[in-house]
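Below: the structure, in structure tokens.
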Amino acid sequence: MITLEQVSKTFAARSGPVRALDDVSLHVEPGEIYGVIGRSGAGKSTLIRTVNMLERPDSGTVTVGGRELTGLDGADLRRARQRIGMIFQQFNLLESRTVRGNVELALEIAGLDRAARRARSGEILELVGLTDRAGARVFELSGGQKQRVGIARALAADPQVLLSDEATSALDPETTASILELLRDLNKELGLTILLITHEMDVVKALCDSAALMREGRIIEQGRLDDIVVRTDSQMSRDLFPLGELPEPRGTTIIEITFVGLASEEPVISRLARTHELDVSLLGAAIETIHGKQTGRTRLELSGDAVQVDAAVADLQGQGLTVDRVRDAR
Ligand SMILES: Nc1ncnc2c1ncn2[C@@H]1O[C@H](COP(=O)(O)OP(=O)(O)OP(=O)(O)O)[C@@H](O)[C@H]1O
Ligand SMILES: [Mg+2]
């Protein structure tokens, strides 16, 4: 649904040129929720702004819904852009207009007549749960309600794609959760493809099917969340399961086991010690619910000779578990 190929963008800043996007390629499947995560200044906003050509790349191509936007301008580009909704951290609403007025303005720009605007705004406000606030002015609303107006406005022209730039960063955790839930419902009910930018792993965890990690204008990792969770060499995976620093070397082997959708890892660990006559100690564990599945990672220290350790690891792998040898005994 969204494809970026080798997109680069450099800004001229007073201190010299800033390469905000450096050869970025990315593919978002139809109906997918795709998260881009990274620290401040990584290039996330620049990336998402190239998707609707708010920022024109210096090189590379951007294709949305089968149309190459980098090849369009004027009226063609405006028309293509209409099918791409966007929401922002600071909402970007007309504060003195009513809730309905904000949505209807977007519908007017999309070319609907008065009667159609009234009907459509009613439908959209219902969709985002704001029917009873339709006549309120935006400045009277809470942050969460404002973002619902932002979402309603973004949906006005019936987009295929919704772009979200830190849409929940100005909200408290509870309100964030309710907005994320709304986005998930819209994704399911409307088949809306969502590309979102965030600096919070919690947002990725709660919502995304796929994710990419950006650093200094580059995508340094990407993939489906299901695949990322079982990769211990991945920075995103380490952020999902923070197990802390490794202890000082002390002649032992350290392994990490990733459990996906398993009721409990306890039997696995106690059986390991018994079967292989190893000393097993637990160094750390982290459990997360990802896509509704309990997923956990456990770091274990094994004291035993190389043959015992090899046999234990092979045994765990034979049970279908993902095992990484983080440190071998020396
Ligand atoms: N219009 C601009 N002119 C000059 N430099 C810019 C412009 N827009 C962005 N930059 C620079 O490009 C880099 C990437 O900025 P960008 O806003 O994409 O980062 P970000 O990942 O969204 O950060 P944040 O999490 O703080 O929003 C930064 O170094 C920024 O200063
Ligand atoms: Mg930004």
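From a predicted model like this one, the values you see are computed outputs, not experimental measurements.
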When you measure from the side chain of N187 to the backbone of G31, do you find a donor-acceptor pair of N or O atoms at a distance under 3.5 Å? yes

Salt bridge check, R224 against E32: does any charged N sit closer than 4.0 Å to a carboxylate O? yes

Any heavy-atom pair between the side chains of L94 and L105 that's under 4.5 Å? yes

Determine whether V149 and F91 satisfy the following criterion, side-chain contact (heavy atoms from CB on, under 4.5 Å), listing intermediate values before the conclusion. CA-CA 8 Å; V149 180; F91 321 123; over 6 Å; no

Mind listing the closest non-hydrogen atom pair of P17 and T10 along with its distance? CB-CG2, 3.7 Å

What I'd like to find out is whether the side chain of M86 reaches to under 4.5 Å of the side chain of I48, using heavy atoms alone. yes

Enter the distance from L316:CG to I269:CD1 here, rounded to the nearest 0.5 Å. 9.0 Å

If you measure from the Lys or Arg side-chain nitrogens to the Asp or Glu carboxylate oxygens, is any gap between R120 and E123 under 4.0 Å? yes

Compare all side-chain heavy atoms of D239 with those of V204 and state whether any distance is below 4.5 angstrom. no

Are V138 and I179 connected in a single hydrophobic cluster, I mean Ile/Leu/Val/Met/Phe/Trp/Tyr linked by side-chain heavy atoms less than 4.5 Å apart? yes

Would you confirm whether R299, through its side chain, and L243, through its main-chain N or O, come within 3.5 Å as a donor-acceptor pair? yes

Taking E301 for the side chain and L283 for the main chain, is one N or O donor matched with an acceptor at less than 3.5 Å? no

When you check the side-chain N and O atoms of R238 and Q235, is any donor under 3.5 Å from an acceptor? yes

Scanning both residues in full, the closest heavy-atom pair of L171 with G144 reads CD2-N, 3.7 Å

Taking NZ, NE, NH1 and NH2 as the nitrogens, is one of them in D185 or K188 under 4.0 Å from a carboxylate oxygen of the other? no

Side-chain donor or acceptor of S15 paired with backbone N/O of A13 under 3.5 Å: no

With side-chain contact (heavy atoms from CB on, under 4.5 Å) as the criterion, how do I124 and R153 come out once you've worked through the C-alpha distance, each side chain's angles and the decisive distance to 0.1 Å? CA-CA 8 Å; I124 304 174; R153 185 190 50 190; over 6 Å; no

Side chain proximity check, S210 to Q222, heavy atoms < 4.5 angstrom: no

What is the distance from atom CG of L125 to atom CZ of R133, rounded to the nearest 0.5 Å? 12.0 Å

In sequence, state the C-alpha distance, the side-chain angles, and the governing distance for L282 and L300, and then conclude on side-chain contact (heavy atoms from CB on, under 4.5 Å). CA-CA 5 Å; L282 184 63; L300 300 177; 3.7 Å; yes

For A206, is there any backbone N or O sitting under 3.5 Å from a side-chain donor or acceptor partner on R184? yes

Side-chain heavy atoms nearer than 4.5 Å, only ILVMFWY residues, links allowed to pass through others: does that put L196 and L190 together? yes

Give a yes or no on whether the backbone of S121 and the side-chain of E126 come within a donor-acceptor separation of less than 3.5 Å. no

In terms of heavy-atom contacts, A167 and I87 come closest through CB-CD1, 3.6 Å

Would you say the side chain of V62 lies within less than 4.5 Å of the side chain of P57, judging by non-hydrogen atoms? yes

Could you state the interatomic distance from CG (L195) to OH (Y34), rounded to the nearest 0.5 Å? 8.5 Å

Examine M53 and L26 and state if one hydrophobic cluster contains both, with Ile, Leu, Val, Met, Phe, Trp and Tyr joined whenever side-chain heavy atoms are less than 4.5 Å apart. yes

State, yes or no, whether a side-chain contact exists between L272 and L302 at a heavy-atom distance under 4.5 Å. yes

Measure across T98 and A134 and return the closest heavy-atom pair with its distance rounded to 0.1 Å. CB-O, 3.8 Å

Can you confirm whether more than 12 heavy atoms, excluding those of E221, are under 6.0 Å from its CD atom? yes

May I ask you to decide if G38's main-chain N or O and K44's side chain share a donor-acceptor pair within less than 3.5 Å? yes

Ignoring hydrogens, what is the shortest heavy-atom contact between A312 and L278? Give both atom names and the distance. CB-CD1, 3.6 Å

Would you compute the distance between atom CD1 of I2 and atom CD1 of I194 and round it to the nearest 0.5 angstrom? 10.0 Å

Quick check: are there more than 12 heavy atoms from other residues, nucleotides or ligands sitting under 6.0 Å from CD of Q317? yes

Where the side chain of S237 meets the backbone of T232, is there a donor-acceptor pair that is under 3.5 Å apart? no

Are more than 12 heavy atoms from other residues, nucleotides or ligands located less than 6.0 Å from atom CD of Q6? no

Where the side chain of K9 meets the backbone of R56, is there a donor-acceptor pair that is under 3.5 Å apart? yes

For the CD atom of E55 and the CG atom of L47, what is their distance to the nearest 0.5 Å? 11.0 Å

So if you build clusters from Ile, Leu, Val, Met, Phe, Trp, Tyr with side-chain heavy-atom gaps below 4.5 Å, do V99 and L127 land together? yes

Nearest 0.5 Å, please: how far is CD1 in I220 from CZ in R218? 10.5 Å

Side-chain touch L240/S234, heavy atoms, less than 4.5 angstrom: no

Quick check: is V103 connected to I151 through a chain of hydrophobic side chains (ILVMFWY, heavy atoms under 4.5 Å apart)? yes

Does F241 form a side-chain contact (heavy atoms from CB on, under 4.5 Å) with V229? I'd like the steps, not just the answer. CA-CA 9 Å; F241 303 107; V229 293; 4.1 Å; yes

For a quick test of reading the model, state the closest non-hydrogen atom pair linking A80 to L72 and the distance between them. CB-CD1, 3.9 Å

Side-chain contact, heavy-atom cut-off 4.5 Å: H199 with S40? no

Check ion pair E95-R137 (N to O, under 4.0 angstrom): no

Going by an N to O cut-off under 4.0 Å, is there a salt bridge joining R325 and D310? yes

Any donor-acceptor pair under 3.5 Å from Q160 side chain to G65 backbone: no

